[in-house]
Amino acid sequence: THVKQCLEQISSLLVSAGYPKAGDMGQGEEFDKVVGGLSWVITSTLSTPLHISLSTLQQASSISTRISLSEILHTTLLQMEMPFEISPHQIQGVDAPALLPVVRWAVKNFLERRQLTGDAILNGGGGVEFKKL
């Protein structure tokens with residue numbers, strides 16, 4: 001199906017950017033892998049951490065937590081001047097056709113940034129900042 005093809009392309013893009021956890025998306029794991037990969041790409045591009053608590057990631061199975069994570073990503077993407085329309089509920093629901101151009105754009109920005117700055121980004125610049133609550 002079209003959705004499955006989009007998920008496979010998202011997975012391939014994230015893996016090619018250096019986020020191997022996005023490979024082989026299984027049923028029910030799409031949110032974790034797409035949000036994790038997108039968070040990693042954004043953080044590596046900006047060289048500043050997204051402030052996501054460890055307990056939030058561990059509890060990502062609840063709808064309210066997924067919505068919160070999706071809103072953080074959405075806000076960050078808007079701050080990065082992403083040229084595509086996407087809403088937090090599309091991120092939370094893993095709307096693959098809507099997410100594909102966003103992931104393409106984010107990975108392209110990441111690769112351009114890495115080319116400009118060398119591998120310094122991959123060697124300690126950026127990351128997801130975990131806070132204990």
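Source: prediction; values computed, not measured. When a residue number appears, it is its place in the shown sequence, counting from 1. Only this structure's heavy atoms are used, side chains among them; waters, hydrogens and symmetry mates stay out.
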Would a 4.5 Å heavy-atom cut-off, applied to side chains only, mark [X] and [Y] as touching?
X     : Y      : answer
Leu77 : Trp105 : yes
Ser70 : His89  : no
Ile67 : Pro88  : no
Thr45 : Met80  : yes
Thr76 : Leu46  : yes
Ser44 : Tyr19  : no

Would the distance check show the side chain of [X] and the main-chain N or O of [Y] forming a donor-acceptor pair, the cut-off being under 3.5 Å?
X      : Y      : answer
Glu112 : Asn109 : no
Ser39  : Val35  : yes
His74  : Ile86  : yes

Taking all non-hydrogen atoms of both residues, which atom of [X] and which atom of [Y] are closest, and how far apart?
X     : Y      : value
Glu85 : Gln90  : O-OE1, 4.4 Å
Pro97 : His2   : CG-CD2, 3.8 Å
Val41 : Ala106 : CG1-O, 3.3 Å
Ala96 : Ile10  : O-CD1, 3.8 Å
Phe31 : Arg66  : CB-NH1, 3.1 Å

Look up atom [atom1] in [X] and atom [atom2] in [Y], then write down how far apart they are to the nearest 0.5 Å.
X     : Y     : atom1 : atom2 : result
Met82 : Leu73 : CE    : CG    : 10.5 Å
Leu99 : Leu7  : CG    : CG    : 8.5 Å
Ser68 : Gln92 : OG    : CD    : 11.0 Å

When you look at Trp40 and Leu14, which way does the side-chain contact (heavy atoms from CB on, under 4.5 Å) test go after all the steps?
-> CA-CA 9 Å; Trp40 180 83; Leu14 293 172; over 6 Å; no
Going through the checks in order, is the side-chain contact (heavy atoms from CB on, under 4.5 Å) test met by Phe110 and Ile42?
-> CA-CA 7 Å; Phe110 164 72; Ile42 289 169; over 6 Å; no
Side chain to side chain contact (heavy atoms under 4.5 Å, CB included) partners for Glu8, two or more places apart |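 Glu8: side chain to side chain contact (heavy atoms under 4.5 Å, CB included) contacts with Lys4.
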Given side-chain contact (heavy atoms from CB on, under 4.5 Å), test Leu100 with Leu13 step by step and report yes or no.
-> CA-CA 9 Å; Leu100 181 57; Leu13 284 165; 3.9 Å; yes
Can Gln9 and Arg104 be said to form a side-chain contact (heavy atoms from CB on, under 4.5 Å), step by step?
-> CA-CA 9 Å; Gln9 288 179 31; Arg104 266 194 203 120; 2.9 Å; yes
